[in-house]
There are 2 protein chains.
Amino acid sequence: MTQTPLSIPLDRASPIPLYFQVAREIERRILDGELAAGTRLENEVVLADRLGLSRPTLRRAIGYLVDRGLLVRRRGVGTQVVRPRVRRPVELSSLYDDLTRAGEEPRTEVLRLVVEEPPPAVAAVLELPEGGRAYTIERLRRIGDGPLALMRNHVPADLVRLDEDALRDHGLYQLLRAAGVRLKVASQSIGARVATAAEARVLEERRGAPLLTMDRTVYDDVGRVVEHGSHLYRASRYSFELTLTG
Amino acid sequence: MTQTPLSIPLDRASPIPLYFQVAREIERRILDGELAAGTRLENEVVLADRLGLSRPTLRRAIGYLVDRGLLVRRRGVGTQVVRPRVRRPVELSSLYDDLTRAGEEPRTEVLRLVVEEPPPAVAAVLELPEGGRAYTIERLRRIGDGPLALMRNHVPADLVRLDEDALRDHGLYQLLRAAGVRLKVASQSIGARVATAAEARVLEERRGAPLLTMDRTVYDDVGRVVEHGSHLYRASRYSFELTLTG
DNA sequence: GAGTGGTCTAGACCACAGC
DNA sequence: CTGTGGTCTAGACCACTCG
């Protein structure tokens with residue numbers, strides 16, 4: 001496979017770290033096809049030298065791309081461009097964000113929005129203090145000409161102020177992030193069951209139609225519970241796409 | 001929150017990198033509860049000094065744990081232990097591995113095992129050359145007293161040699177890894193539908209019972225397609241548990 | 001202003017791959 | 001053996017947070 005002398009313009013006055021400028025530029029060239037699959041990069045010492053960087057800084061750039069799966073490093077061999085892939089990482093994104101990114105135009109119907117002392121099971125998941133209050137949100141997400149998902153969420157009341165207008169025009173995660181909440185990890189469970197009569201009616205399905213269920217609990221960067229949701233998706237119109245790395 | 005002077009024994013003769021010795025030890029103390037949630041670590045300069053390490057090396061250890069979500073670093077503030085969580089990362093594991101780890105005893109029935117020129121759709125996904133051959137594997141996974149999943153997999157024939165005995169006693173990924181295949185990324189799609197009559201019969205469900213479907217394509221570290229699978233799970237007995245990080 | 005993490009440098013030595 | 005990445009050091013300066 002080819003070896004390519006690499007030249008990257010650096011802006012040392014920029015607030016963007018040098019290692020990131022390098023990583024971003026290499027990534028761009030891989031995605032653009034300028035650096036084809038299998039291409040060998042020059043060795044780290046030479047490359048760092050040409051770019052006018054120290055080797056640790058260059059290594060940091062390369063390491064970043066190795067972690068993201070765009071490059072492979074092998075001791076004694078060298079660094080190569082991996083066969084390019086759709087590699088959307090597993091992200092902490094909401095259905096709304098996903099749809100928007102996919103060029104769809106989701107519409108949201110807010111069925112219920114209250115602040116209340118939630119039932120004990122929910123309070124436990126949210127780790128609310130005694131008597132703590134939380135939003136309960138029920139929304140119907142539509143896309144194109146029909147419903148896609150029925151969503152119930154719970155958010156501790158002291159984290160953010162929510163209103164129906166905001167929820168109609170934005171994803172819940174957008175609103176949380178805008179309120180300064182730093183979403184960090186989520187654990188979720190995906191299952192399936194058939195629709196009850198009531199669910200079928202709301203989702204415009206037949207009774208007994210297959211539904212995907214998703215329960216998710218989201219934590220912020222210091223481990224506080226930030227949100228819990230139980231969602232139902234029409235299996236006929238939705239599936240979860242994931243990229244795993246190991 | 002408390003601040004803790006940290007002392008960690010290092011073995012400079014060990015082949016295990018110093019940064020990793022440090023990271024592993026801090027992780028252990030967090031998981032053991034010795035370092036409670038909210039605990040502040042000493043600042044990097046002092047800590048590096050006490051451990052007899054350079055600051056970059058110590059930072060690498062901390063950075064590793066930050067990436068894994070066990071620590072938070074904030075400029076001008078310090079480094080803190082995050083509220084401990086179940087944080088099983090999204091892993092490239094097989095159903096067999098998952099069950100074994102959970103203490104279950106999966107049994108596998110090999111329904112079909114052939115090497116053939118697969119249908120064009122499968123050949124395309126596997127990126128086989130013209131006339132390339134692949135294993136087609138159909139297995140029924142049982143656990144406890146009943147079936148759990150019906151699995152169909154395709155693996156390029158030149159990657160590994162598979163036989164019925166091996167597949168009965170091991171997960172497919174185990175066998176691939178043992179053959180030197182380096183599983184790296186997978187993209188998968190999770191959906192739901194109802195069982196056909198034939199599927200219901202094999203899975204001992206009623207016709208119309210909800211099933212989880214999972215299609216997965218796995219790539220190795222240089223982007224070659226290593227495996228493709230289409231699986232069916234009984235929703236009554238199985239759900240996908242994921243941990244996402246953002 | 002004092003204290004913290006964020007970045008960067010210019011070296012060094014080692015371990016492994018492949019000839 | 002030569003060439004590669006893997007680790008580590010001992011500093012330096014900067015940017016941000018908070019009292």
Notebook entry, point to check: Below 4.0 angstrom from OP1 or OP2 of C/dG6, is there any side-chain N or O of B/Arg59?
Noted result: yes
Check: Rounded to the Å, how far apart are B/Arg40 CZ and D/dC18 C1'?
Finding: 11 Å
Check: From the list C/dG5, D/dT9, D/dC18, which nucleotide is the closest neighbour of the side chain of B/Val77?
Finding: D/dC18
Next item on the list: Check whether any side-chain heavy atom of A/Tyr173 lies under 4.5 Å from a side-chain heavy atom of A/Val218, and answer yes or no.
Entry: yes
Notebook entry, point to check: Which of these nucleotides, D/dG6, C/dG11, C/dC8, is closest to any side-chain atom of A/Pro56?
Noted result: C/dG11
Margin query: Do A/Arg141 and A/Thr108 pair up side chain to side chain, a donor and an acceptor below 3.5 Å, judged on atom types alone?
Written below: yes
Notebook entry, point to check: Could you state the CG-P distance from A/Leu41 to D/dT4, rounded to the nearest angstrom?
Noted result: 12 Å
Item checked: N-O pairing of A/Arg224 and A/Glu127 below 4.0 Å -> no
Notebook entry, point to check: Atom CG of A/Leu51 and atom P of C/dC8: how far apart are they, to the nearest Å?
Noted result: 13 Å
Notebook entry, point to check: OP1 or OP2 of D/dG6 sitting under 4.0 Å from any side-chain N/O of A/Arg73?
Noted result: yes
Margin query: Students often get this wrong, so: under 4.0 angstrom with heavy atoms, is B/Leu18 touching a base, only sugar-phosphate, or nothing?
Written below: sugar-phosphate
Checklist line | Atom-pair distance (CG on A/Asp49; P on C/dG11), nearest Å | finding: 10 Å
Checklist line | Between D/dT7 (P) and A/Ile62 (CD1): distance, integer Å | finding: 14 Å
Next item on the list: Give A/Pro15 one of three labels, base, sugar-phosphate or nothing, depending on what nucleic acid heavy atoms sit under 4.0 Å from its own.
Entry: nothing
Check: Does A/Asp165 come within less than 4.0 Å of A/Arg168, counting only side-chain N to carboxylate O?
Finding: yes
Next item on the list: Answer yes or no: does a side-chain N or O of B/Thr79 lie under 4.0 Å from OP1 or OP2 of C/dG5?
Entry: yes
Next item on the list: Report yes if at least one side-chain N or O of B/Tyr19 is closer than 4.0 Å to OP1 or OP2 of D/dT7; otherwise report no.
Entry: yes
Margin query: By the 4.0 Å heavy-atom rule, please label A/Arg74 as base, sugar-phosphate, or nothing.
Written below: sugar-phosphate
Item checked: Interatomic distance where CD belongs to B/Gln80 and P belongs to C/dG5 [whole Å] -> 11 Å
Next item on the list: Using only side-chain N and O atoms of A/Asn43, determine if any of them is under 4.0 Å from OP1 or OP2 of D/dG3.
Entry: no
Notebook entry, point to check: C/dG18 base to A/Arg75 side chain: any donor-acceptor pair below 3.5 Å?
Noted result: no
Next item on the list: Give one of base, sugar-phosphate or nothing for B/Arg60, where a contact means two heavy atoms less than 4.0 Å apart.
Entry: sugar-phosphate
Check: How many Å lie between CD on B/Glu44 and P on D/dG11, as a whole number?
Finding: 17 Å
Check: Between D/dG11 atom C1' and B/Leu58 atom CG, what is the distance in whole Å?
Finding: 16 Å
Next item on the list: May I ask you to decide whether B/Arg55 forms a salt bridge with B/Glu44, counting only side-chain N to carboxylate O separations under 4.0 Å?
Entry: yes
Check: Side chain of B/Thr57: nearest nucleotide among C/dC8, D/dG5, D/dT9?
Finding: D/dT9
Checklist line | Polar contact flag, side-chain donor to acceptor under 3.5 angstrom, A/Tyr135-A/Glu116 | finding: no
Item checked: Toward the 5' end of DNA chain C, by each residue's nearest nucleotide, A/Gly76 or A/Arg12 -> A/Arg12
